[in-house]
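By convention in this document, chain letters (A, B, ...) are assigned in the order of the sequence lines, proteins followed by strands, and residues within each chain are numbered from 1.
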Protein chains: 2
Amino acid sequence: MINKLVDKIKQKDAPIVVGLDPMLDYVPNFIKEEAFNQFGETLEGAGEAIWQYNKAIIDATHDLIPAVKPQIAMYEQFGIEGIKAFNKTVEYCRQKDLVIIGDIKRGDIGSTSKAYAVGHIGRVQVGKNSFCPFKEDFVTVNPYLGSDGVNPFIDVCKEEKKGIFVLVKTSNPSSGEFQDRLIDNRPLYEIVGEKVNMWGSECMGDEYSYVGAVVGATYPKMGETLRKIMPKAMILVPGYGAQGGKAEDLKCFFNEDGLGAIINSSRGIICAYKNDKYKDKGITEMNFADASRMAVIDMIEDINSAIK
Amino acid sequence: MINKLVDKIKQKDAPIVVGLDPMLDYVPNFIKEEAFNQFGETLEGAGEAIWQYNKAIIDATHDLIPAVKPQIAMYEQFGIEGIKAFNKTVEYCRQKDLVIIGDIKRGDIGSTSKAYAVGHIGRVQVGKNSFCPFKEDFVTVNPYLGSDGVNPFIDVCKEEKKGIFVLVKTSNPSSGEFQDRLIDNRPLYEIVGEKVNMWGSECMGDEYSYVGAVVGATYPKMGETLRKIMPKAMILVPGYGAQGGKAEDLKCFFNEDGLGAIINSSRGIICAYKNDKYKDKGITEMNFADASRMAVIDMIEDINSAIK
């Protein structure tokens, strides 16, 4: 799957991923009204609204992008009905041949991490049958529990040729509270980065490893160091755009081959219709997905001009 | 909810929680056969099997215990059908007036943690209506992202009088890989423990805080230090029994009031029927839940005799 991701990034000349994090406030009113007319102001109605919203954005952008990153919390908050919308979204993205990065940030002790791994990127056994309940291609993994918590995901990656992105340095303001603390004069995120490099060396695709890392666009200097510590890790970079990360800061996340990083934007793409920049181009709520397409084109240009 | 948990621990004289982590291998064959006859060897069949298994164990133990801790991964691995079984289990435990600790180990950046918090221990808004999709009383939270990731849970705890347990020192063998690393000559878990104490001081129940901590029974010396660092935190202690933690090591997790910790056992209780000790007492697969009851009684006695 890492080979597919690299190929698609090359083919589309777009090292980006669209974050499908559909907060209900983002969804245009006409979609919500339609969904609520059908199902009421219920969890089912919410699920229908975010699914229809996602579908329109996927339709408008899929030919330009290699991958999507649905954030499962935005679905899980609506319970079973939200998770149904998550599954519909994943299924639809598969039909469009997009690489799917499930932003689930799971991580637990061994047997429990194994359950998450088989459920999300592997197969779970029931009697003689096996099933793939969630069908993502990659998932994000929290490393706080150490190798025990990560290895079950890696085992499944090897079996299924799937991948993971381990949280190393997250994009949020307080990420430094623990991640930046110095251990033998080096911040914790570097120690975690070294582990990512070690875990990844055991399961290499052609150019990059099945084991990638999450490093926030908001911390470019740390990104530069981590790029060197984990030369074979694909770096998933959140925090561009709405969170404050700028294109000129992104160069350090890439290797000299022009590869090695994939930049996420969520709000900047899926909420582009609320941006004055696109309102001036004839965008209203009704053609919101056209704004998402314009924003994807702008983002690719912005990033490529900065990194090339 | 922390007051309810403390009251129930006192009332039942049982500082324990039963971990409802129903791996399919644990479920007696006759339950699986019945479920598979009805729904086939499918995800639905798996969901039905683990729900019937849980129900029998809850029926046999609820009067003895203050709380249960369903591990969501064991349900999530079966997709939507597994999560339905999780919800049925939570609902049934509510009917039995048990305190429900959702072992979900979530944690993300602010807006995303908020989504997890409202979905699991709060209310999610859909138009004019609000819903409680998952209905746990407490959830476990991963602190790797720092305060940003934890505060949204605390906000919801204050609104809803619910609680969290933050991972501080986990019970697994490799937990030390990052958690034990020294920062200014003190291990990371102590730094996290101090934050737990700080977060918790802002939302106190009568005796203990809404913000508790997870510390593994397998690390009693560290538990002793953490007990002092977080005097008002209820400590959720996994790792007793099957993972190797012994009753005599548990004293240090408790305060002088005899309170302040709640010891989890999962496999030791729900799989008691496979233990030779109970086989000798007339236990077969058919009356597996009676073995769970015997194991709960033995666990309470074992722990109380060690800590009193």
Side-chain angles (χ1 to χ4, degrees), chain A residues 21 23-24 32 36 41-43 45-46 71 73-74 76-80 82-84 87 105-113 115-116 118-119 124-129 131 133-134 142-149 167 170-179 181-183 188 191-192 195, chain B residues 21 23-24 32 36 41-43 45-46 71 73-74 76-80 82-84 87 105-113 115-116 118-119 124-129 131 133-134 142-149 167 170-179 181-183 188 191-192 195:
Chain A
D21 307 359
M23 293 178 57
L24 216 43
K32 279 190 280 204
F36 293 164
E41 290 182 343
T42 60
L43 297 173
Q71 165 52 263
M74 296 304 163
E76 193 171 316
Q77 68 178 328
F78 299 114
I80 301 264
I83 294 168
K84 283 183 189 167
N87 280 352
K105 295 190 178 66
R106 303 301 197 246
D108 209 299
I109 65 168
S111 54
T112 310
S113 272
Y116 283 128
V118 298
V124 66
Q125 201 69 31
V126 182
K128 292 177 301 295
N129 302 321
F131 300 89
F134 286 107
N142 186 309
Y144 189 67
L145 287 93
S147 296
D148 297 346
L167 304 188
T170 56
S171 59
N172 57 312
S174 76
S175 68
E177 240 169 62
F178 305 124
Q179 296 166 26
R181 298 302 300 265
L182 295 181
I183 292 162
L188 173 60
I191 314 282
V192 178
K195 279 279 176 186
Chain B
D21 308 359
M23 293 178 57
L24 215 42
K32 280 190 279 204
F36 293 164
E41 289 181 344
T42 60
L43 296 172
Q71 165 53 264
M74 295 304 164
E76 191 171 317
Q77 68 178 329
F78 299 115
I80 301 263
I83 293 168
K84 284 183 189 167
N87 280 351
K105 294 190 179 66
R106 304 301 197 245
D108 208 298
I109 66 167
S111 54
T112 310
S113 271
Y116 283 128
V118 298
V124 67
Q125 200 69 32
V126 182
K128 293 179 299 296
N129 303 322
F131 300 90
F134 286 106
N142 186 309
Y144 189 68
L145 287 93
S147 295
D148 298 346
L167 304 187
T170 55
S171 60
N172 56 313
S174 77
S175 68
E177 241 171 63
F178 305 124
Q179 297 166 24
R181 298 303 299 265
L182 294 182
I183 292 161
L188 174 59
I191 314 282
V192 178
K195 280 279 176 188

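- The greatest number of non-hydrogen atom pairs below 4.5 Å with chain B, out of A:P173, A:G82, A:A46, is found for A:P173.
- A:L167 places none of its side-chain heavy atoms less than 4.5 Å from the side chain of A:Y144.
- Proximity to chain A (any heavy atom under 4.5 Å) is restricted, for B:F134, to the side chain, taken from C-beta onward.
- Note on B:S113, B:P143, B:G119: by heavy-atom pairs under 4.5 Å with chain A, the leading option is B:P143.
- Heavy-atom pairs under 4.5 Å with chain A peak, among B:E41, B:Q179, B:E177, at B:E41.
- At least one side-chain heavy atom of A:I109 sits under 4.5 Å from a side-chain heavy atom of A:L145.
- Between B:Q71 and B:K105 there is a side-chain heavy-atom pair separated by less than 4.5 Å.
- The minimum heavy-atom distance linking A:Y116 with B:R106 is given by the pair OH-NH1, 3.1 Å.
- Your options are B:N129, B:V192, B:D148, B:I80, and the one with the most heavy-atom pairs under 4.5 Å with chain A is B:D148.
- Heavy-atom pairs under 4.5 Å with chain B were tallied for A:R181, A:M23, A:E76; the largest tally goes to A:E76.
- For chain A, the nearby part of B:K195 is the side chain; its heavy atoms alone come within less than 4.5 Å.
- By the 4.5 Å heavy-atom criterion applied to side chains, B:V126 and A:F36 are counted as neighbours.
- For the set B:D108, B:V118, B:L188, the entry with the most heavy-atom pairs within less than 4.5 Å of chain A is B:D108.
- Considering only heavy-atom pairs separated by less than 4.5 Å from chain B, the leading option among A:I83, A:T42, A:I191 is A:T42.
- Per-residue heavy-atom pair counts under 4.5 Å with chain B were compared for A:L24, A:T170, A:N142, and the maximum is reached by A:N142.
- Counting heavy-atom pairs under 4.5 Å between each of A:G127, A:S171, A:A115, A:G79 and chain B puts A:A115 at the top.
- Heavy-atom pairs under 4.5 Å with chain A were tallied for B:S111, B:S147, B:S175; the largest tally goes to B:S147.
- Taking chain A as the reference chain and counting heavy-atom pairs below 4.5 Å, the highest number among B:G146, B:S174, B:G149 is found for B:S174.
- At least one side-chain heavy atom of B:L43 sits under 4.5 Å from a side-chain heavy atom of A:V124.
- For B:D21, no part lies under 4.5 angstrom from a heavy atom of chain A.
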